There are 2 protein chains.
Amino acid sequence: MSVAFTSTQSAPDRTRAALGSIGSVSLFDRNNTIFAEGDEAEHVYKVVSGGVRLCKMLQDGRRQIVEFALPGDYFGIDWLERHALTAEAMVDTTTVCYGRGRLTRLGDENRDVRAEIFSTLRHDLWAAQNHLVILGRQSARERVAAFLLQLLERRREGAKNKLDLPMTRQDIADYLGLTIETVCRVLTALKREGVIDIPDRHSLTVRNAEALEDACTAED
Amino acid sequence: MSVAFTSTQSAPDRTRAALGSIGSVSLFDRNNTIFAEGDEAEHVYKVVSGGVRLCKMLQDGRRQIVEFALPGDYFGIDWLERHALTAEAMVDTTTVCYGRGRLTRLGDENRDVRAEIFSTLRHDLWAAQNHLVILGRQSARERVAAFLLQLLERRREGAKNKLDLPMTRQDIADYLGLTIETVCRVLTALKREGVIDIPDRHSLTVRNAEALEDACTAED
DNA sequence: CGCACTATTGACAGCATTCAACATCAGTGG
DNA sequence: CCACTGATGTTGAATGCTGTCAATAGTGCG
């Protein structure tokens, strides 16, 4: 134990050591709700494997997915006493779960933990702001292209252009502010053009990343 | 000076005292750029009077306004070494300006300042997430209604239903992901219906807040 | 007064949605 | 192992909301 905070460790190491001591593993089945909008915010999570959708609902059933949490991502930090989002497992998912109170206390004592929390929040804000541009100012084709590029940049492992899609078409549509039909049509078009390949509904191969980047902002 | 941190002060008071010591006043003329996306993030600002638009641009000129900073709001905290947004004064604007380095150091020492920064970031994230729902899932009418209600809730002073609009119609359009023409048409429609009144282009009176709230989610 | 900028209104077009039919997939039980 | 079934995905046709283009009106400042 006395080795935990020696100067031989880097900041990320010290953060992991500090957080490891208070985290516990939680499992969630596909389509289970992890927490709902309005629930008391008691925990912060980190995805180990699987995938989680973070969304907001309107009374009439319309849904906007704010973010997908994939392996390595934290979620649930948007705390304001109560969660502002609903979190649902898109597939069977493993998470590490931290008590809010303990995390807060740890953050007060440990500068590295504080920096980690702060950095997560900053990243989420950055992501939300980029997402705003997509929803406010881009066409269906641009949205889908941007989404695929995001996944490409975020992927942790595996073949370089092979993407895993834990989310359904409906999830993608609700993330991009489109209908499921429009998402399908754009994917089909990209496939016809040889930009992507769709082996099955939960995976996708990018054949021409450059063409995707072009599709992301212009298209003539 | 010794009185600055006695227990007779509340946390907000202590925060103000600590921040007051490192803030300086800055003035910006209408349409001046305060900082641009990609600039080194050296300062954090707080609006005293006027109004600032925070936006992102696409190469082809499309623009998405992420947030309006009105009196009392902080902006520029989204720092990641470099600003992710462009900040422009919509009207002649007065701000208090804090050096990033000094603010960071102050935050390390002072728990209240830290909480204030954290809280600002959390608020920005919360606002961006609500904005996502508007851009992703709401109609033109719903967007405009939601925007007006936001302003109504944020207004600091003045007659209860009288709104100040420091932004142009184009700014509103770029905030809501619409065109200027659509914003105009919706405003005209709301006026015809007696929901609002438009004395001049930079002010607006809400005659029927309940109707606005209805227009915000449904419409039948 | 005149000019540039901003806002409003109308006519028309286009992209994404809606509605509908069909195909494919995954899980279950025979 | 295969048939059955509900969920998910794909494709087509038609509608409609919002965007585009264009003309006009209003505003503010030199």
Side-chain angles (χ1 to χ4, degrees), chain A residues 29-31 53 58 60-65 88 90-92 134-147 165-192 196-204 215 218-220, chain B residues 29-31 51 53 58 60-65 88 90-92 134-145 147 165-192 196-204 215 218-220:
Chain A
D29 289 342
R30 182 173 120 88
N31 284 332
R53 56 175 171 251
L58 293 168
D60 58 8
R62 283 178 288 181
R63 185 177 71 156
Q64 177 62 47
I65 295 184
E88 297 166 328
M90 297 188 292
V91 293
D92 293 353
I134 291 175
L135 298 191
R137 287 294 175 224
Q138 303 207 262
S139 69
R141 187 186 166 87
E142 290 170 333
R143 295 184 201 203
V144 173
F147 169 68
L165 301 176
M167 64 290 288
T168 65
R169 298 289 188 263
Q170 185 64 62
D171 289 334
I172 297 174
D174 286 343
Y175 178 76
L176 295 177
L178 300 170
T179 58
I180 185 173
E181 294 95 330
T182 301
V183 171
C184 274
R185 277 187 257 268
V186 173
L187 287 176
T188 303
L190 290 173
K191 192 167 98 179
R192 261 202 317 267
I196 61 171
D197 211 44
I198 309 179
D200 67 277
R201 66 172 93 180
H202 288 302
S203 60
L204 186 148
E219 177 57 25
D220 292 7
Chain B
D29 289 342
R30 182 173 121 88
N31 284 332
R53 57 177 171 251
L58 293 167
D60 58 7
R62 283 177 288 181
R63 186 178 70 157
Q64 177 62 46
I65 294 182
E88 297 166 329
M90 298 188 291
V91 292
D92 292 353
I134 292 175
L135 297 191
R137 286 294 176 226
Q138 304 207 263
S139 68
R141 187 186 166 87
E142 290 170 334
R143 296 184 200 203
V144 173
F147 170 69
L165 302 177
M167 63 290 288
T168 65
R169 297 289 189 264
Q170 185 63 61
D171 290 334
I172 297 175
D174 286 342
Y175 179 76
L176 295 176
L178 300 169
T179 58
I180 185 172
E181 293 94 331
T182 301
V183 171
C184 273
R185 278 187 258 267
V186 173
L187 286 176
T188 303
L190 290 173
K191 193 167 102 179
R192 261 201 318 266
I196 61 172
D197 212 44
I198 310 180
D200 66 279
R201 66 171 96 179
H202 289 300
S203 60
L204 186 150
E219 174 58 25
D220 288 10

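The chains referred to below are lettered A, B, ... by the order of the sequence lines, with proteins before strands, and numbering in each begins at 1. Side chains are part of it too, since the values below use all heavy atoms of this structure and drop only hydrogens, waters and symmetry mates. All values derive from a computational prediction rather than experimental measurement.
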It should be established whether A:Arg30 places a side-chain nitrogen or oxygen under 4.0 Å from OP1 or OP2 of nucleotide C:dG27. no
Can you tell me how far P of C:dT6 sits from CE of B:Met167, to the nearest Å? 15 Å
Could you give the CD-to-P distance, from B:Gln170 to C:dA7, as a whole number of Å? 8 Å
Quickly work out the A:Arg192 CZ to D:dG12 C1' distance and round it to whole Å. 13 Å
Does atom CZ (B:Arg30) have a neighbourhood of more than 12 heavy atoms from anything else shown, all under 6.0 Å? no
Do any N or O atoms of the protein come closer than 3.5 Å to N or O atoms of nucleotides 18-23 of chain D, and which pairs are they?
unit_1 : atom_1 : unit_2   : atom_2 : d
D:dT18 : OP1    : B:Ala140 : N      : 2.8
D:dG19 : OP2    : B:Thr179 : N      : 3.3
D:dG19 : OP2    : B:Thr179 : OG1    : 3.1
D:dG19 : OP2    : B:Thr182 : OG1    : 2.4
D:dT20 : O4     : B:Arg185 : NH2    : 2.9
D:dC21 : N4     : B:Glu181 : OE2    : 2.9

For the pair B:Arg137 (side chain) and A:Arg62 (backbone), establish whether a donor and an acceptor sit closer than 3.5 Å, ignoring hydrogens and angles. no
Approximate separation, where rounding is to 0.5 Å, of A:Leu178 CG and A:Arg141 CZ: 13.5 Å
Expressed as a whole number of angstroms, how long is the span from A:His202:NE2 to C:dA26:P? 7 Å
In whole Å, what is the span from the CG atom of B:Leu165 to the C1' atom of C:dA7? 13 Å
What is the distance, rounded to the nearest whole Å, between atom CD1 of A:Ile180 and atom P of C:dT18? 13 Å
Between A:Arg169 and D:dT10, is there a contact of a side-chain N or O with OP1 or OP2 at under 4.0 Å? yes
Rounded to the nearest Å, what distance is computed from the CG atom of residue B:Asp171 to the C1' atom of nucleotide C:dT6? 11 Å
What pair of heavy atoms forms the shortest contact from B:Asp171 to B:Arg53, and how long is it? OD2-NH1, 3.1 Å
To the nearest Å, how far apart are A:Asn31 CG and C:dG27 P? 12 Å
Working to the nearest 0.5 Å, report the span between OG1 of B:Thr168 and CG of B:Asp174. 8.0 Å
In Å and rounded to the nearest 0.5 Å, what is the OG1 to CZ distance from B:Thr179 to B:Arg185? 6.5 Å
